Participant: 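Shown below is the structure under consideration.
Model, not experiment: these values are computed from the prediction.
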Amino acid sequence: MDTAVIILFHGSRAQGAGETVRGLVSEVRRRGEYEIVEGAFLRHGRPGLMDAIQHCVQRHVGKIVIVPFFLQMGLHVTADIPALVEEVRKRYPGLRISMTDAVGSHPLMIDIVLDLAGKGNH
């Protein structure tokens with residue numbers, strides 16, 4: 001049973017904002033820990049979350065893990081995304097779907113902040 005990972009971004013109207021996102025998704029995919037890695041946007045970008053889920057379903061995955069690439073456990077992460085996950089569970093009762101905490105809540109974020117701060121001298 002294949003597991004798909006969907007990295008879910010908020011999205012942005014800014015020109016070129018999606019390129020960073022696509023690069024991150026591509027790198028996660030390249031590392032090969034999951035056969036199926038998709039990027040999706042909650043707003044202001046394509047594919048949307050439901051489109052990405054549909055793509056995974058068409059590839060006959062048994063499980064989808066959504067990783068919200070958000071810094072805070074705000075309303076999108078605590079209410080909007082879980083509501084969409086519940087909708088998917090009703091639509092595809094045999095599909096196992098879950099979501100992680102927001103990326104920003106991970107302990108390694110401290111290391112990232114310190115790394116960036118150390119490079120901020122130029």
Side-chain angles (χ1 to χ4, degrees):
M1 176 185 317
D2 286 334
T3 297
V5 173
I6 297 175
I7 306 170
L8 181 62
F9 304 90
H10 183 273
S12 173
R13 292 185 183 128
Q15 186 75 3
E19 293 310 309
T20 301
V21 167
R22 288 185 222 332
L24 188 139
V25 171
S26 178
E27 181 61 22
V28 171
R29 189 179 293 129
R30 186 191 69 75
R31 293 199 183 183
E33 292 187 39
Y34 296 93
E35 183 176 327
I36 301 169
V37 179
E38 299 284 334
F41 298 92
L42 194 59
R43 298 184 175 179
H44 313 300
R46 292 282 168 236
L49 177 59
M50 294 308 233
D51 294 330
I53 289 170
Q54 180 64 34
H55 185 248
C56 293
V57 168
Q58 289 171 345
R59 294 185 68 186
H60 305 290
V61 301
K63 180 179 179 182
I64 297 174
V65 178
I66 299 170
V67 179
F69 205 87
F70 289 70
L71 290 179
Q72 303 177 67
M73 296 295 287
L75 283 177
H76 287 319
V77 176
T78 61
D80 299 339
I81 301 168
L84 291 170
V85 167
E86 281 307 311
E87 184 180 322
V88 171
R89 285 186 178 129
K90 290 176 187 170
R91 189 179 299 178
Y92 305 103
L95 178 68
R96 292 177 28 218
I97 186 164
S98 63
M99 66 177 272
T100 68
D101 289 337
V103 167
S105 67
H106 195 284
L108 288 176
M109 289 302 291
I110 296 165
D111 294 332
I112 293 168
V113 169
L114 291 171
D115 182 64
L116 289 170
K119 294 176 182 174
N121 295 329
H122 32 50

Participant: Do Thr3 and Glu35 touch side chain to side chain, with heavy atoms closer than 4.5 Å?
Facilitator: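 When only atoms from C-beta onward are counted, Glu35 and Thr3 do not touch, as no gap falls below 4.5 Å.
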
Participant: Classify the ring geometry between Phe9 and Phe41 as parallel (under 30°), tilted (30 to 60°) or perpendicular (over 60°).
Facilitator: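 Tilted: the ring planes of Phe9 and Phe41 meet at 30° to 60°.
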
Participant: So how far is it from His60 NE2 to Ile36 CD1, rounded to the nearest 0.5 Å?
Facilitator: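 Answer rounded to 0.5 Å: 10.0 Å.
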
Participant: Hey, what do you get for OH (Tyr92) to CD1 (Ile53), rounding to the nearest 0.5 Å?
Facilitator: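 Here the interatomic distance stands at 8.0 Å.
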
Participant: Looking at every heavy atom in both Lys90 and Pro93, which two are closest together, and how far apart are they?
Facilitator: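 Shortest heavy-atom contact: O-CD, 3.8 Å.
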
Participant: Could you see if Leu75 belongs to whatever hydrophobic cluster contains Ile66? Use Ile, Leu, Val, Met, Phe, Trp, Tyr and a side-chain cutoff under 4.5 Å.
Facilitator: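 The answer is no; the residues belong to distinct hydrophobic clusters.
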
Participant: Of all the heavy-atom pairs spanning His10 and His44, show the shortest one and how long it is.
Facilitator: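 That closest heavy-atom pairing would be CE1-CD2, 4.0 Å.
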
Participant: Taking the side chain as everything from C-beta on, heavy atoms only, tell me whether Val88 gets closer than 4.5 Å to Met50.
Facilitator: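 Yes; the side chains approach each other to less than 4.5 Å.
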
Participant: Using 0.5 Å steps for rounding, measure from the CD atom of Glu87 to the CD1 atom of Ile97.
Facilitator: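 Between atom CD of Glu87 and atom CD1 of Ile97 there are 10.5 Å.
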
Participant: Roughly how far, to the nearest 0.5 Å, is CD of Glu38 from CD1 of Ile7?
Facilitator: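 Ile7 atom CD1 to Glu38 atom CD measures 10.0 Å (nearest 0.5 Å).
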
Participant: Is there a donor-acceptor pair under 3.5 Å between the side chain of Arg96 and the backbone N or O of Gly62?
Facilitator: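 No.
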
Participant: Working to the nearest 0.5 Å, report the span between CD of Glu19 and CG of Leu24.
Facilitator: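 Interatomic distance, Glu19 CD to Leu24 CG, rounded to 0.5 Å: 13.0 Å.
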
Participant: Out of the candidates Asp101, Val103, Leu42, only one should pair with Phe70 under the side chain to side chain contact (heavy atoms under 4.5 Å, CB included) rule; please name it.
Facilitator: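 For Phe70, the side chain to side chain contact (heavy atoms under 4.5 Å, CB included) test succeeds with only one of Asp101, Val103, Leu42, which is Leu42.
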
Participant: Should Arg46 and Asp51 count as side-chain neighbours, where that means a heavy-atom distance under 4.5 Å?
Facilitator: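 Sidechains of Asp51 and Arg46: in contact.
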
Participant: Taking side chain as C-beta onward, heavy atoms only, is His76 less than 4.5 Å from Arg43?
Facilitator: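 A side-chain contact under 4.5 Å exists here.
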
Participant: Out of curiosity, Ile6 CD1 to His55 NE2, how far, rounded to the nearest 0.5 Å?
Facilitator: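 Result: 10.0 Å between the selected atoms.
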
Participant: Ignoring hydrogens, what is the shortest heavy-atom contact between Ala40 and Ala52? Give both atom names and the distance.
Facilitator: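 Residues Ala40 and Ala52, closest heavy atoms: CB-CB, 3.8 Å.
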
Participant: Does Val67 reach the side chain of Met99, with side-chain heavy atoms less than 4.5 Å apart?
Facilitator: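 Val67 does not reach Met99 side chain to side chain.
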
